[in-house]
Structure formats: structure tokens, C-alpha cells
J.: 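Please see the structure below; I have some questions.
Note that the numbering runs from 1 along the sequence shown for the chain. No hydrogens, no waters, no symmetry mates; every other heavy atom, side chains included, goes into these values.
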Amino acid sequence: MGIAFVSATQGGINGATLNLTWPTVPARAAALLLWTTQNTAVPTDPAGFFLLEGRNHATGSGHVRFLRRVCTGAEGGTTLPLVTTGTAARQSATLVIWSGTHAGEPIDTWTWRDETGAVSTHPCPSISPLVSGGAIVSGVSERVNASTVNYTTTWTERADSAAAGSGSGGATTAMADDGLATSRTAGVSVTPPNWVSADPIATQNAVTLSVSLAPLVSGAPALPHPIRRRLPLLVR
């Protein structure tokens with residue numbers, strides 16, 4: 001497996017601007033940002049990131065944005081501001097970095113699952129990689145009227161905003177990967193394990209995400225391949 005975990009950070013706030021601090025990252029590493037806000041807030045996507053998808057939770061007041069960046073290597077120690085206008089309410093985010101991904105377009109494909117009932121265990125959607133040699137990432141985004149603490153998964157959790165974005169309401173975001181020991185095969189479906197609320201809080205105001213990372217191809221130019229997924233792109 002050529003893809004390796006590099007570093008991660010997370011945070012949350014009850015306010016308009018959430019400032020994350022970049023960890024040290026190498027050039028050409030892939031940074032994935034998962035960002036949860038209230039659905040009446042107006043997020044401003046941070047400079048240098050490409051918005052893959054923004055969507056409201058199917059139930060409740062949550063909104064989640066999934067963005068990626070191919071790092072330059074100069075980000076370490078700088079501030080990454082996540083700014084919202086309109087309704088300034090609790091928000092949270094996780095930023096996770098992997099190396100060994102495709103230097104032009106590190107995202108192979110992705111898909112979502114909207115929670116269908118008030119439960120504390122949230123299944124992830126199955127995903128079929130479109131290219132071989134990659135890795136699988138999962139995420140969860142939740143917003144409820146309670147003090148959300150954190151999530152657990154049987155995969156390797158890389159970042160969890162935990163109670164940082166909580167109070168009388170909560171915005172929780174977490175990301176994990178498959179441990180990076182298995183090189184995935186194109187067309188072979190993978191279902192990440194459930195995300196489980198450690199409180200537990202039973203909510204329908206949650207979505208889960210499954211992502212296939214594209215590997216660095218030896219000898220190939222650093223040119224983007226088309227971003228491909230199984231569902232139409234939806235940006236709100």
C-alpha cells in the first residue's frame with residue numbers, strides 16, 4: 001500500500017469562524033476537509049480547496065461540506081479559517097492528510113448515506129473503487145440539540161471533533177480510514193463499519209460518507225484524472 005496517513009487536526013466552535021491550524025504536511029499530499037454547520041449558515045469555502053460536494057442533512061438542521069486540497073508543503077503551522085455568515089452557530093470540522101495519493105486528483109469516487117431513523121449507530125454506504133491500488137476513507141457528520149461527545153468506529157479513526165462544537169446544541173464531525181493495509185481493487189465493493197455515538201445519542205440528523213482515494217501512479221504525470229462518482233454532484 002503506497003498511501004500513508006500523515007497527520008490530522010480537528011476543532012469546533014459556537015461562532016462564525018472556526019480556525020484550524022495546519023499540521024506539517026509534505027508536498028502533493030491529499031488533504032480532506034469534512035465540515036459540519038447549521039443549514040441556515042452560509043459557508044465560505046477556504047482558499048486552495050476544491051468543493052467536492054455540499055449538502056444538507058436529509059433530516060434536521062445540519063449541513064456538511066466535503067472538500068479536498070493537494071498540498072504544496074508550505075501549509076504547516078498556518079491558520080485555516082472556516083468562515084460562515086448568516087446564522088452563526090455551532091460548527092465543527094476534521095482535516096486529514098494522506099501521502100501517496102494521485103498528485104493531480106486524489107479522489108477516485110465518493111458516496112453518502114442519509115440516516116433514516118433516530119438511532120445511535122450510523123451505517124456507512126458501500127463504495128466500489130473505480131481504480132485499483134487505493135484506500136477507503138469514511139466520515140460522519142451530525143448536528144443535534146444535545147452535547148455530542150464523540151464517535152467510535154472499528155476502523156482507524158484519524159480525527160474527531162468530539163465535544164469541541166457542542167453545548168446546548170452539537171455539531172460533530174469525524175473521519176477514519178481502513179488502516180491502509182489493504183490495496184483496494186477496482187469494482188470490488190467495500191462497506192466501511194458503522195459509526196457509533198459514544199454518548200449514545202439517538203438521532204436522524206446525521207449523514208455518513210465513504211471515499212475511495214486514488215493512488216499515485218508511478219511514472220504518470222501529475223495531471224488530474226476526472227472526478228468520478230456514482231451519484232450526480234449536488235452543491236447547495
J.: E115: which residues meet the salt bridge (Lys or Arg N to Asp or Glu O under 4.0 Å) condition with it, sequence neighbours left out?
T.: R113
J.: Over all heavy atoms of both residues, which pair between A30 and P106 is shortest? Give the atoms and the distance, please.
T.: CB-CB, 3.5 Å
J.: E105 and salt bridge (Lys or Arg N to Asp or Glu O under 4.0 Å): which partner among R69, R68, R28?
T.: R68
J.: Looking at S132 and A186, would you say the former's side chain and the latter's main chain have a donor-acceptor pair under 3.5 Å?
T.: yes
J.: Return the OG1 to CG distance between T154 and N194, rounded to the nearest 0.5 Å.
T.: 8.0 Å
J.: My understanding is that only residues two or more places apart in sequence, or in another chain, count here; which of them pass side-chain contact (heavy atoms from CB on, under 4.5 Å) with T156?
T.: R158, D177
J.: Out of curiosity, does V83 fall in the hydrophobic cluster containing V42 (side-chain heavy atoms, cut-off under 4.5 Å, transitive links)?
T.: no
J.: Under the side chain to side chain donor-acceptor pair (under 3.5 Å) test, which residues partner T94, sequence neighbours left out?
T.: none
J.: Let me confirm one number: the CG-CG distance from L67 to L51, rounded to the nearest 0.5 Å.
T.: 5.0 Å
J.: Can W195 and E142 be counted as having a side-chain donor-acceptor contact under 3.5 angstrom?
T.: no
J.: Main chain of W155, side chain of T153: is a donor-acceptor contact present, judged purely on distance under 3.5 Å?
T.: yes
J.: Side chains of L33 and P46: closer than 4.5 Å at any heavy-atom pair?
T.: yes
J.: With the side chain counted from C-beta on, respond yes when C124 and V140 share a heavy-atom pair under 4.5 Å apart, and no when they do not.
T.: no
J.: Locate the shortest heavy-atom distance separating A135 from I3; write the atom from each residue and the value.
T.: N-CD1, 3.8 Å
J.: Taking the side chain as every heavy atom from C-beta outward, state whether F49 and L95 have any atom pair closer than 4.5 Å.
T.: yes
J.: Would you say W35 and D45 make side-chain contact, with heavy atoms under 4.5 Å?
T.: yes
J.: Hey, are the side chains of L130 and S212 touching, using non-hydrogen atoms and a 4.5 Å cut-off?
T.: no
J.: Look at the side chain of H57 and the backbone N and O of T59, then say whether any donor-acceptor pair between them is shorter than 3.5 Å.
T.: no
J.: Do S138 and T208 touch side chain to side chain, with heavy atoms closer than 4.5 Å?
T.: no
J.: According to side-chain contact (heavy atoms from CB on, under 4.5 Å), who are the partners of D114, at least two apart in sequence or on a separate chain?
T.: R55, A58, V207
J.: Check side-chain contact (heavy atoms from CB on, under 4.5 Å) between A8 and all other residues, then give those that pass, not counting sequence neighbours.
T.: F5, V96, A159
J.: Counting only N and O atoms by type, is there a donor-acceptor contact under 3.5 Å from the side chain of Q38 to the main-chain atoms of Q91?
T.: no
J.: About how many Å separate CG of L80 and OG1 of T21, when rounded to the nearest 0.5 Å?
T.: 9.0 Å
J.: Of T173, D160, T37, which is the lone residue that meets side chain to side chain donor-acceptor pair (under 3.5 Å) with S92?
T.: T173
J.: Let's go through D178 and R184 carefully: what are the C-alpha distance in whole Å and the side-chain angles of both, what is the deciding distance for salt bridge (charged side-chain N to carboxylate O under 4.0 Å, His left out) to 0.1 Å, and is it a yes or a no?
T.: CA-CA 10 Å; D178 57 9; R184 299 297 176 177; 3.1 Å; yes
J.: Flag yes if W110 and V70 sit in one hydrophobic cluster, no otherwise; membership is Ile, Leu, Val, Met, Phe, Trp, Tyr, and two members link when side-chain heavy atoms are under 4.5 Å apart.
T.: no
J.: What distance do L52 atom CG and F66 atom CZ have between them, rounded to the nearest 0.5 Å?
T.: 5.0 Å
J.: With no hydrogens and no angle check, is any side-chain donor or acceptor of T84 less than 3.5 Å from a backbone partner on A16?
T.: yes
J.: Just jot down the side chain to side chain donor-acceptor pair (under 3.5 Å) partners of Q10, sequence neighbours excluded, or say none.
T.: none
J.: Quick one: does L82's side chain get under 4.5 Å of P43's, heavy atoms only?
T.: no
J.: Mind checking the OH-OG spacing from Y151 to S120? Nearest 0.5 Å is all I need.
T.: 8.5 Å
J.: Going hydrophobic residue to hydrophobic residue with side-chain gaps under 4.5 angstrom, can you get from L209 over to V119?
T.: no
J.: From R143 CZ over to T172 OG1, what is the distance, rounded to the nearest 0.5 angstrom?
T.: 10.5 Å
J.: Between S7 and T24, is any pair of side-chain heavy atoms under 4.5 Å apart?
T.: no
J.: Do L20 and I97 land in one hydrophobic cluster if side-chain heavy atoms of ILVMFWY residues count as linked below 4.5 Å?
T.: yes
